[in-house]
Amino acid sequence: NPLNFLSLQLPLLEEKITKVLELQEIYDAVENASPAEAKELLDGLRELKRQSSLTDFRASVEKVLEACREGTERSKTIVENLRTFARTETIGESRDHVDLQQALDATLTILFPLHKDRVTVHKEYGSLPKIWCDPAQINQIFMNILGNAFEAIEKSGDVWVRTSTLDNNVEIVIRDNGCGIPLPIQGRIFDPFFTTKDVGQGTGLGLSIAYGIIKQHHGEIQVESEVGKGTAFKIILPVDSREHTKG
């Protein structure tokens, strides 16, 4: 999206610059012209200025440049967060000490098209230690659950992301005020291939994958939901999953 935005702004800037170059050419011609020719050229210069709406030229160029700067910064942020999400610098190292809140922020940035202008995200971050985990897998959990939260909100609404520490565990709660999950199917949402979405709209693997990853990290996931009021997923992960594999 930012790159598309930039591609739309650059032709506007090119058009403005072309008009300025035309004015520069006429000005140069005036300097070397006879008085009669100069008068004719100046008349043409005034008409070109009028047609080009150059009275607000500076403001319009500054506006386009600012838009380009914003698009560039937005693209830079997305690339940085994609790098954080994929953790390409640790390929070959399956686990590392990971800042979960940085991972949450990266996922929210990647999912921005799903919630921009319609869902307000409330971050309630506590003080968390870095946890020993597989960063790509943890990001996959956040991607699946946050993606579901945004999709559960039909028009506009809110999503809350809360983090806290409890003993040797960290707790992440992702809550939305969307459509909710009917009680009879809440026990099936982590089953592979189970989905309430229309045919072709979902594989039914997102929550199943998240469940499997959490169990691999010796954690747990809980869900509370009420139709018409929303859903909350609570993820509990040990600070150091290696403690559970000793012995």
Side-chain angles (χ1 to χ4, degrees), residues 1 78 81 84-85 98-128 131 133 136-167 169-238:
N1 285 341
I78 289 174
N81 282 306
T84 298
F85 189 86
V98 175
D99 184 334
L100 291 185
Q101 289 168 170
Q102 184 184 46
L104 283 164
D105 286 340
T107 305
L108 286 169
T109 298
I110 292 168
L111 291 175
F112 183 71
L114 286 181
H115 64 85
K116 66 175 182 178
D117 302 327
R118 76 183 184 88
V119 179
T120 302
V121 177
H122 307 270
K123 299 178 185 178
E124 302 170 358
Y125 289 172
S127 178
L128 294 190
I131 76 165
C133 64
Q137 289 186 334
I138 294 300
N139 284 328
Q140 188 65 55
I141 295 171
F142 295 156
M143 173 72 79
N144 293 348
I145 294 178
L146 282 167
N148 284 346
F150 294 134
E151 290 176 355
I153 298 171
E154 185 177 351
K155 294 181 180 178
S156 62
D158 299 88
V159 167
W160 292 264
V161 183
R162 178 173 58 82
T163 64
S164 58
T165 305
L166 180 64
D167 298 327
N169 298 312
V170 297
E171 183 178 282
I172 306 99
V173 178
I174 298 171
R175 180 168 64 90
D176 66 71
N177 59 359
C179 60
I181 304 169
L183 184 60
I185 66 172
Q186 287 183 22
R188 300 181 59 196
I189 60 173
F190 298 115
D191 293 349
F193 305 109
F194 177 79
T195 179
T196 59
K197 296 178 182 178
D198 294 336
V199 175
Q201 298 300 310
T203 63
L205 290 173
L207 289 177
S208 176
I209 290 171
Y211 180 87
I213 293 171
I214 290 168
K215 289 302 180 183
Q216 289 173 11
H217 284 78
H218 304 283
E220 60 180 288
I221 182 170
Q222 304 166 3
V223 60
E224 293 182 3
S225 186
E226 185 175 347
V227 173
K229 293 190 176 181
T231 302
F233 284 93
K234 180 188 290 185
I235 303 163
I236 301 170
L237 294 168

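Throughout, numbering of the chain's residues begins at 1 and tracks the sequence. Computation of the quantities below employed the complete heavy-atom set of this structure, encompassing side-chain atoms and omitting hydrogens, waters and symmetry-equivalent molecules.
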Report yes if the side chains of [X] and [Y] come closer than 4.5 Å at any heavy-atom pair, otherwise no.
X	Y	value
V98	I138	no
I141	I221	no
V170	T163	no
L207	V223	no

- Item | side chain to side chain contact (heavy atoms under 4.5 Å, CB included), paired with T231, selected from N148, N177, D176 | D176

- For a side chain to side chain contact (heavy atoms under 4.5 Å, CB included) with V161, tell me which candidate from L146, I145, V173 qualifies. L146

Nearest atoms (heavy-atom pairs only) where [X] meets [Y]:
X	Y	value
M143	I110	CE-CG2, 3.7 Å
A149	V159	CB-CG2, 4.1 Å
P238	H218	CD-O, 3.6 Å
G230	S225	O-OG, 3.2 Å

Could you grab the distance from atom [atom1] of [X] to atom [atom2] of [Y], nearest 0.5 Å is fine?
X	Y	atom1	atom2	answer
N169	I131	CG	CD1	9.5 Å
K116	F150	NZ	CZ	13.5 Å
I174	F233	CD1	CZ	9.0 Å
L237	E171	CG	CD	10.5 Å
I213	Q140	CD1	CD	6.0 Å
I236	L166	CD1	CG	7.5 Å

- Query: For F112, which residues count as a ring pair (Phe, Tyr, Trp, His ring centres under 6.0 Å) partner, sequence neighbours excluded?
  - Reply: H115

- Note on the structure: salt bridge (charged side-chain N to carboxylate O under 4.0 Å, His left out) filter on K123, not counting sequence neighbours, yields D105

- Query: R118: what forms a salt bridge (charged side-chain N to carboxylate O under 4.0 Å, His left out) with it, not counting sequence neighbours?
  - Reply: none

- Item | Any donor-acceptor N or O pair under 3.5 Å, side chains E224, Q222 | no

